[in-house]
Every structure is written in structure tokens, then in C-alpha cells.
Protein chains: 2
Amino acid sequence: MGEPLDVAENSADQATRLIREAILSGQISPGERLKTAELAQRLGFSTMPLREALRKLEGEGLVEIEPNRGATVRKLDRAYISDLFELNTDLRICAVKRAIPLLTLERIRSLEALAQEYRDHIAGGQDLEAIRVNRDFNAKLVEFGGNREALRVFLRGWDIIFAFRRGYGYGTGRRRVMAEEMQLLIEALRRHDAVAAEAILRMQNAAMMEDLVSRIAPEV
Amino acid sequence: MGEPLDVAENSADQATRLIREAILSGQISPGERLKTAELAQRLGFSTMPLREALRKLEGEGLVEIEPNRGATVRKLDRAYISDLFELNTDLRICAVKRAIPLLTLERIRSLEALAQEYRDHIAGGQDLEAIRVNRDFNAKLVEFGGNREALRVFLRGWDIIFAFRRGYGYGTGRRRVMAEEMQLLIEALRRHDAVAAEAILRMQNAAMMEDLVSRIAPEV
DNA sequence: GGAGATAACATTGGATCAAATCATAACGGA
DNA sequence: TCCGTTATGATTTGATCCAATGTTATCTCC
């Protein structure tokens with residue numbers, strides 16, 4: 001997310017970044033224990049920077065620390081993920097509504113370029129690339145709403161959701177539909193049709209939600 | 001926010017809580033430097049827990065840490081605050097829309113009780129109490145939307161906004177209008193009138209935004 | 001054999017220390 | 001007098017140590 005790139009980073013910041021990436025990329029799974037000594041040795045740091053890194057990640061909500069009991073990767077249950085998902089849909093809809101009056105031809109073109117890239121990756125079977133472009137497309141959508149905080153919250157949620165989905169597998173059937181939805185959305189934006197845009201986003205939300213729920217065991 | 005209340009807390013957790021409260025209550029102002037040694041002595045801890053506390057607050061976005069240069073309270077500029085404000089309005093609107101079908105008489109009554117409490121505090125000149133009740137009222141509004149993540153984001157934003165407003169002063173003129181708006185909103189909710197509810201929230205947003213902008217020097 | 005107490009082990013938590021880095025002040029030369 | 005350099009002090013950073021706590025395995029007693 002917003003890691004300082006301007007200067008050489010600390011050991012603590014490096015460790016934070018590495019662990020965050022490991023969590024979000026699925027190398028470490030939710031609920032897994034994070035021991036300072038073990039991580040320190042594996043990453044080549046002392047335990048000190050690790051303690052700071054884990055605290056920072058706790059602040060970000062990715063890690064839970066219980067006193068005298070250590071740190072674990074935050075567990076992702078159905079309620080948490082579906083809340084995040086719903087929140088992100090709300091954020092996209094609100095952002096798009098605000099974005100429409102601000103739309104320029106250049107902005108629409110940049111969305112089209114990403115949609116095209118997405119189709120190409122799907123056609124070429126490059127799944128990981130497609131997922132990345134999908135993220136970029138939606139981030140740009142929210143970005144055009146002009147609210148940095150909304151974008152930050154959105155990206156955080158997106159990354160957590162996808163870390164979760166990585167563990168449970170994606171629905172490959174939705175890939176092509178997604179490409180169509182992107183196109184429909186772009187056309188709605190071109191017409192400055194907020195109602196249609198919202199409808200598309202809500203449909204997408206419903207479909208993805210169904211996909212998610214079908215993959216998760218019912219709430220305990 | 002989500003501090004563990006179940007067990008006795010660490011020095012690090014205690015320090016985190018104390019510093020967060022100091023920031024949000026305005027005892028420490030934005031941009032101010034946070035030296036580990038100084039804080040450690042003042043709070044009666046060693047420097048170690050302080051380092052962890054500052055890292056956690058960095059993760060929460062309240063504190064900024066620059067490598068080899070130390071920690072400072074995050075600066076709150078016009079863009080950041082107005083973004084947070086806009087985001088919170090969006091969150092309230094989306095939450096209310098979802099809350100309406102789920103409304104019970106009991107829920108409406110609990111909102112009414114808070115609105116009444118608010119009026120009483122205003123009448124009695126108890127400003128701080130009124131502010132707290134106002135927070136509770138809006139939190140409940142979002143809570144009824146049934147999305148925990150949305151609530152968490154909302155409360156975080158609310159607290160930061162009010163930490164900022166504390167430094168710049170509140171508009172006392174809006175107090176009574178606010179009480180009326182609460183009542184109007186409750187009536188709209190009773191009628192299950194989502195359009196009216198949204199309109200009220202948007203009006204409120206516009207008024208508060210104007211109030212905020214008038215208090216802040218224009219963006220640099 | 002099973003349940004509870006006890007002991008051994010692993011891990012976290014807090015403190016202290018030395019090195020690295022940054023900020024500030026003093027100094028010297030043009 | 002002003003600017004660049006150097007030296008001093010303050011602060012962060014990383015490392016290591018010991019105590020406190022939690023966990024696990026072992027042993028004893030019923």
C-alpha cells in the first residue's frame with residue numbers, strides 16, 4: 001500500500017513489507033502462528049525489527065497479537081469477507097457516481113485499455129496477470145471518484161479478499177462474464193448513465209458474493 | 001477501536017491506547033514529534049513498548065514514521081479531512097439504505113432515545129456529552145446497516161475528523177439544526193423512505209463540509 | 001488406564017547497550 | 001557578513017540479555 005519509497009527502508013519496514021506480501025499472496029495462511037525468532041532467522045533480521053513489523057501489521061488489521069501468546073495471521077471468516085466485499089461494492093458505486101461528472105475522454109480510454117488488457121490475458125490463459133489487471137481496473141474506477149481515503153480502504157479490502165480467494169480457488173466461469181461487465185460499465189460511463197453503472201456493479205456484486213459463499217463453509 | 005478487553009493488556013497495548021487517546025483528544029497535535037525516550041519516561045514504560053506502540057499506530061494511520069528520523073502525529077490537511085468526511089457520508093448513506101429493510105421498532109426507539117439525549121445535552125450546555133451522543137447516534141445508524149467493516153472504517157474516520165475539529169473549533173450554530181436533522185432522519189426511517197433519508201444525510205454533509213472548509217486555510 | 005500435578009521447554013516481554021544516523025551548533029574561510 | 005564545513009549532541013536502530021508467561025511432556029497417584 002503506502003510504503004515509503006523515497007528513502008532506503010528500515011529492517012522493520014522491510015520485514016513489514018515481506019510479511020504483508022507473504023500473507024496477501026497466501027504463503028502464510030490465516031490463523032498461522034508468527035513467531036518472532038523464527039521469522040527473524042528466516043528473513044535475516046534480529047527479533048527487534050520483527051516485533052515492530054508485527055505490531056504495524058496488527059495496526060493494519062492483518063495480524064492479531066494476544067498478550068504473552070504471540071501473533072497470528074488474522075482469520076478470515078465468512079462474515080468478515082462478505083462485509084469487506086459489500087463495503088467494496090458500496091465504495092465502487094459511490095466512487096463511480098462521483099466520477100461520472102469528472103470523466104474525461106482520456107480517463108475512459110485508460111479504462112478501455114485495461115479492459116482490453118484483461119481480455120487479452122484471459123484469452124492467453126495468463127490468470128495472474130488478468131487478476132492484477134482486474135485490480136488495476138477497479139482501483140482506477142475508485143480513483144476517478146477523487147477520494148484518496150476511499151481508494152485506500154478499497155485496496156486494502158480488495159487485497160484481503162483476494163488473499164482469501166486464493167486459498168479457496170477462483171470461479172473460472174466468471175472470467176469472461178467479467179470482461180463483458182467491464183465493457184458494459186465503460187459504455188454506461190460514456191453515456192454518463194449512473195443508474196446503469198450502479199446496476200452493473202450491483203449485479204457483479206451479487207454474482208461474486210454467490211461465488212464466494214458457495215466456496216465457504218457456512219458460518220460456525 | 002478493537003482493543004482486546006478480554007485479558008490484562010501489555011505495556012505496548014497500554015501505551016498504544018494512551019497515545020491514541022492523546023492524539024484523538026487533541027493533547028498531542030498533528031505534526032508533533034513523538035520521541036520514544038520522552039514518551040517512555042512520561043508514561044512510565046521503557047522505550048521498547050513505546051517503539052511497538054508507535055509502530056501499531058503507524059499501521060492504523062495515526063502516526064507517521066520516517067526511517068532514522070522518528071515518529072510524528074499524522075498531519076491533517078484539508079484534502080485528507082474532506083476525503084474522510086465524504087467517505088463517512090457515503091458510508092452512512094449506504095448503511096442507512098441497507099438498514100431500512102432491517103428496521104425494528106426497538107431500533108428506531110434506540111435512535112430516538114439518543115436524539116432526545118442529544119437535545120437534553122444541548123439544552124444543558126453540556127457540549128462534550130452532546131458530541132459523544134452524536135457519535136453514538138451515527139455509529140448506531142451505521143451499525144444497523146449490518147456491516148462491521150463499514151462501521152470500523154466509519155468510526156476511525158469520525159474520530160480523526162473530530163480530533164481535527166477540536167483543534168479548529170466547532171460551529172455552535174449547527175447544534176440545534178443537528179437535533180432537527182436527527183429527528184427528520186428518524187421520521188424518514190419510520191416511513192422507510194430511503195430517498196428522504198439520503199437527502200437529509202447529503203444536506204448535513206454539505207453543511208458540515210462548508211463549516212469545515214471555512215475553518216481551514218486553503219490547501220497549500 | 002486416566003486425571004491432575006509438576007517439571008522442562010519454548011516463546012514472549014521488558015530492559016539495557018553500542019552503533020548508525022540525523023539535527024544542530026560552532027567554526028573557519030572567502 | 002555569509003556560506004560551506006566540521007564537530008557535537010540527540011535520537012533512532014538493531015542486538016542481546018534475563019525475567020515472566022504460556023505450552024507441552026512427563027510423572028505420580030487414584
Side-chain angles (χ1 to χ4, degrees), chain A residues 2-20 22-23 27-75, chain B residues 2-20 22-23 27-75:
Chain A
E3 222 51 45
L5 303 169
D6 29 325
V7 286
E9 54 180 359
N10 273 347
S11 300
D13 286 326
Q14 281 182 53
T16 308
R17 194 168 40 77
L18 290 172
I19 298 173
R20 183 175 32 228
I23 292 175
Q27 295 167 46
I28 313 179
S29 18
E32 198 166 322
R33 185 106 181 259
L34 297 169
K35 302 175 195 173
T36 54
E38 183 187 321
L39 286 171
Q41 192 180 11
R42 209 167 55 173
L43 300 179
F45 299 122
S46 165
T47 60
M48 266 300 307
L50 264 295
R51 279 159 73 171
E52 295 184 79
L54 292 177
R55 283 291 176 183
K56 180 166 176 181
L57 291 169
E58 186 194 16
E60 292 180 9
L62 281 178
V63 160
E64 287 177 344
I65 299 182
E66 282 181 305
N68 290 321
R69 218 173 278 177
T72 54
V73 180
R74 189 196 161 125
K75 280 190 186 165
Chain B
E3 220 53 45
L5 304 169
D6 29 325
V7 287
E9 54 180 357
N10 272 347
S11 299
D13 285 327
Q14 280 182 53
T16 307
R17 194 167 41 77
L18 289 171
I19 297 173
R20 181 175 31 224
I23 292 175
Q27 293 167 47
I28 313 179
S29 20
E32 199 166 320
R33 183 103 180 260
L34 297 169
K35 302 177 194 173
T36 53
E38 183 186 320
L39 286 171
Q41 192 180 10
R42 210 168 54 172
L43 300 179
F45 298 122
S46 162
T47 61
M48 264 303 305
L50 265 296
R51 278 159 74 171
E52 295 185 78
L54 292 177
R55 282 291 176 186
K56 180 166 177 182
L57 291 170
E58 186 193 18
E60 292 180 9
L62 279 179
V63 161
E64 287 176 343
I65 299 182
E66 282 181 303
N68 291 321
R69 219 172 277 178
T72 54
V73 180
R74 187 202 215 280
K75 281 189 186 166

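The basis for the numbers below is simple: all heavy atoms, side chains too, and nothing from hydrogens, waters or symmetry mates.
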Pull out every residue in residues 27-43 of chain B that has a heavy atom closer than 4.0 Å to any atom of DNA chain D, ordered by number, or say none. B/Arg33, B/Leu34, B/Lys35, B/Thr36

Which two nucleotides bound the region of DNA chain C that has atoms under 4.0 Å from heavy atoms of chain A, read 5' to 3'?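 Result: C/dT11 to C/dG14.
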
Under the salt bridge (Lys or Arg N to Asp or Glu O under 4.0 Å) definition, can you give me all pairs with a residue in residues 36-54 of chain B, not counting sequence neighbours?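 Of all non-adjacent pairs touching residues 36-54 of chain B, those that pass salt bridge (Lys or Arg N to Asp or Glu O under 4.0 Å) are A/Arg51-B/Glu52, A/Glu52-B/Arg51, A/Arg55-B/Glu52.
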
Using a 4.0 Å cut-off to any heavy atom of chain A, which nucleotides of DNA chain D are the first and last in contact, reading 5' to 3'?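 Both ends considered, the range comes out as D/dT13 to D/dT23.
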
Between B/Ser29 and B/Glu32, do the side chains contain a donor N or O and an acceptor N or O under 3.5 Å apart?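 Their side chains do contain a donor-acceptor pair, which is all the 3.5 Å distance test asks for.
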
For B/Gln41, give me all partners under side chain to side chain contact (heavy atoms under 4.5 Å, CB included), at least two apart in sequence or on another chain. none

Going by side chain to side chain contact (heavy atoms under 4.5 Å, CB included), name the residues that satisfy it together with A/Arg74, two or more places apart in sequence or in a different chain. A/Glu64, A/Tyr80, B/Arg152

Pair B/Ile23, B/Val63 - check side-chain contact (heavy atoms from CB on, under 4.5 Å), show working. CA-CA 9 Å; B/Ile23 292 175; B/Val63 161; 3.9 Å; yes

For A/Leu54, which of A/Thr16, A/Ile19, A/Thr72 qualifies under side chain to side chain contact (heavy atoms under 4.5 Å, CB included)?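 Testing each of A/Thr16, A/Ile19, A/Thr72 against A/Leu54, the sole residue satisfying side chain to side chain contact (heavy atoms under 4.5 Å, CB included) is A/Ile19.
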
Considering every strand and a 4.0 Å limit on heavy-atom distances, what is the contact class for A/Ser11: base, sugar-phosphate, or nothing?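 Sugar-phosphate contact only - A/Ser11 comes under 4.0 Å of backbone atoms but never of a base.
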
Side chain to side chain, [X] and [Y], heavy atoms closer than 4.5 Å:
{"X": "A/Pro67", "Y": "B/Asp13", "result": "yes"}
{"X": "B/Glu60", "Y": "A/Glu60", "result": "no"}
{"X": "A/Leu57", "Y": "B/Lys56", "result": "no"}
{"X": "A/Leu50", "Y": "A/Leu34", "result": "no"}

I want to confirm an ordering. Mapping A/Ala12 and A/Asn68 to their closest nucleotides on DNA chain D, which one lands closer to the 5' end?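 Of the two residues, A/Ala12 wins.
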
